[in-house]
Amino acid sequence: MILEKDIKSIITKAETYCEEQGLTLQLVYELPESVLDTISERSKAQSLMYFTSKEMLKDRLENGCYLLKKGDEVVGHIFAHKHMVNEHAVYERASLWVKATYRNFNLGLLLMYNLTELYKSDFVISIARATIVHHNNELLGMKFVTLSQMSKVLVDTLEEIGKLRDEDHYKYYVNPYFESHIRELK
């Protein structure tokens with residue numbers, strides 16, 4: 001498949017860029033309070049990010065966070081936000097951010113790729129309005145789904161947890177595992 005070849009090439013180039021720039025990619029489950037404060041404040045200041053309190057970030061850290069770092073400075077991050085749909089865990093990729101200096105080198109895609117791979121045998125969902133995120137989701141092999149393609153219990157859960165979005169402005173993407181079970185999720 002062409003997309004599979006493309007994504008591998010893009011990820012390899014992003015990893016090479018990281019090496020050249022002295023950036024490291026780390027999966028973490030703990031972060032200092034000062035870093036959590038910075039990320040929380042950043043989420044409040046960025047119009048495309050939903051505000052995420054420090055307490056919410058701590059909860060998400062239990063599921064993993066990929067960081068891009070230059071020395072001690074965090075220059076990119078993405079978190080896994082775990083939702084329960086009855087007895088099923090659904091992992092939402094959340095709080096994606098890359099420092100402006102390092103944008104346009106597919107580092108956001110690199111973060112998305114790693115988190116999606118971490119949970120590839122689980123249900124992964126992306127809820128976003130940014131066109132670049134939609135494009136990256138498609139590169140990652142994720143499938144665009146409408147609310148009408150989801151089970152009623154999933155839609156009800158999204159509404160209950162505050163993740164039901166206006167489909168004119170937001171799109172839902174799911175990984176292949178989730179797509180194969182989306183109507184059966186009860």
Side-chain angles (χ1 to χ4, degrees), residues 3 5-82 91-119 124-142 144 162-163 165-166 168-175:
L3 283 181
K5 282 176 125 179
D6 289 347
I7 190 66
K8 287 179 182 177
S9 172
I10 294 168
I11 295 302
T12 299
K13 287 178 183 175
E15 290 170 338
T16 300
Y17 176 81
C18 287
E19 288 174 24
E20 291 169 351
Q21 297 300 311
L23 302 175
T24 58
L25 179 67
Q26 302 172 330
L27 174 61
V28 299
Y29 295 91
E30 294 179 357
L31 285 171
E33 295 285 324
S34 60
V35 173
L36 293 172
D37 285 333
T38 299
I39 294 171
S40 178
E41 286 302 311
R42 180 179 297 133
S43 75
K44 190 186 307 184
Q46 298 285 323
S47 64
L48 288 178
M49 292 178 74
Y50 273 156
F51 173 68
T52 309
S53 70
K54 187 162 64 170
E55 291 71 32
M56 292 169 75
L57 291 171
K58 284 180 182 179
D59 288 342
R60 292 174 185 184
L61 267 173
E62 294 176 13
N63 309 307
C65 168
Y66 274 98
L67 295 179
L68 270 175
K69 294 180 79 177
K70 174 87 172 185
D72 290 334
E73 180 187 13
V74 174
V75 298
H77 52 71
I78 192 168
F79 288 76
H81 187 181
K82 181 179 176 182
Y91 295 93
E92 175 190 3
R93 292 189 325 239
S95 302
L96 172 64
W97 176 83
V98 175
K99 185 176 179 175
T101 310
Y102 298 103
R103 292 185 188 152
N104 301 318
F105 299 99
N106 291 310
L107 301 185
L109 178 61
L110 178 65
L111 290 164
M112 291 170 67
Y113 171 80
N114 279 281
L115 194 60
T116 303
E117 282 294 301
L118 181 65
Y119 288 108
V124 177
I125 192 167
S126 171
I127 306 167
R129 64 181 172 167
T131 305
I132 186 66
V133 176
H134 305 321
H135 174 75
N136 286 348
N137 281 329
E138 290 171 8
L139 282 173
L140 292 169
M142 295 183 76
F144 167 65
K163 295 291 182 172
R165 302 286 184 247
D166 171 1
D168 290 332
H169 298 96
Y170 289 85
K171 289 188 177 183
Y172 296 85
Y173 281 85
V174 295
N175 68 333

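Residue numbers start at 1 and run along the sequence shown.
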Undergrad: Does Asn114 reach the side chain of Leu118, with side-chain heavy atoms less than 4.5 Å apart?
TA: no
Undergrad: Closer than 3.5 angstrom, by distance alone: can the side chain of His77 be matched with the main-chain N or O of Ser95 as a donor-acceptor pair?
TA: yes
Undergrad: Is the Tyr102 ring parallel, tilted or perpendicular to the Tyr17 ring (thresholds 30°, 60°)?
TA: perpendicular
Undergrad: Using the rule given for side chain to side chain donor-acceptor pair (under 3.5 Å), can you reason through His169 versus Arg129, listing the C-alpha separation, both sets of side-chain angles and the distance that settles it, and then say yes or no?
TA: CA-CA 6 Å; His169 298 96; Arg129 64 181 172 167; over 6 Å; no
Undergrad: Return the OG1 to CG distance between Thr131 and Asn136, rounded to the nearest 0.5 Å.
TA: 11.0 Å
Undergrad: Out of curiosity, Leu115 CG to Tyr66 OH, how far, rounded to the nearest 0.5 Å?
TA: 7.0 Å
Undergrad: Evaluate whether atom CG of Asn104 has more than 12 neighbouring non-hydrogen atoms of other residues, nucleotides or ligands under 6.0 angstrom away.
TA: no
Undergrad: Scan residues 17-28 for pairs that pass salt bridge (charged side-chain N to carboxylate O under 4.0 Å, His left out), counting only residues two or more places apart or in two chains.
TA: none
Undergrad: Would you mind reporting whether Asn137 and Arg93 have side-chain heavy atoms less than 4.5 Å apart?
TA: yes
Undergrad: Answer yes or no: is there a donor N or O on one side and an acceptor on the other, between the side chain of Asn175 and the main chain of Val124, under 3.5 Å?
TA: yes
Undergrad: To the nearest 0.5 Å, how far apart are OG in Ser40 and CD in Glu55?
TA: 8.0 Å
Undergrad: If you look only at distance, which donor and acceptor atoms sit under 3.5 Å apart when one is on a side chain in residues 29-39 and the other is two or more places apart or in another chain?
TA:
from	atom 1	to	atom 2	distance (Å)
Glu33	OE1	Lys54	NZ	2.8
Glu33	OE2	Lys58	NZ	2.9
Asp37	OD1	Lys54	NZ	3.1
Thr38	OG1	Ser34	O	3.0

Undergrad: Is a side-chain N or O of Arg103 found less than 3.5 angstrom from the main chain of Val98, in a donor-acceptor match?
TA: yes
Undergrad: By the salt bridge (charged side-chain N to carboxylate O under 4.0 Å, His left out) test, which pairs, at least two apart or in different chains, include something from residues 63-77?
TA: Glu73-Lys99
Undergrad: At what distance, to the nearest 0.5 angstrom, does CE of Met112 lie from CG of Leu107?
TA: 13.0 Å
Undergrad: Is the side chain of Tyr119 donor-acceptor paired with the backbone N or O of Asn63 at a distance under 3.5 Å, no angle test?
TA: yes
Undergrad: Give the minimum heavy-atom separation between Leu111 and Gly76, together with the two atoms involved.
TA: CD1-C, 4.0 Å
Undergrad: To the nearest 0.5 Å, what is the distance between CG (Leu109) and NZ (Lys13)?
TA: 12.5 Å
Undergrad: Determine the minimum heavy-atom distance between Gly64 and Leu27, stating which atoms define it.
TA: CA-CD1, 4.1 Å
Undergrad: Can you tell if the side chain of Val133 reaches within under 4.5 Å of the side chain of Ser126, non-hydrogen atoms only?
TA: yes
Undergrad: CG/Leu23 to CG/Leu67 distance, rounded to the nearest 0.5 angstrom?
TA: 12.0 Å
Undergrad: Determine whether a donor-acceptor pair (N or O, by modelled atom type, separation under 3.5 Å) exists between the side chain of Tyr172 and the backbone of Arg165.
TA: yes
Undergrad: Considering non-hydrogen atoms only, spot the tightest contact between Cys18 and Leu68 and give its length.
TA: SG-CD2, 3.9 Å
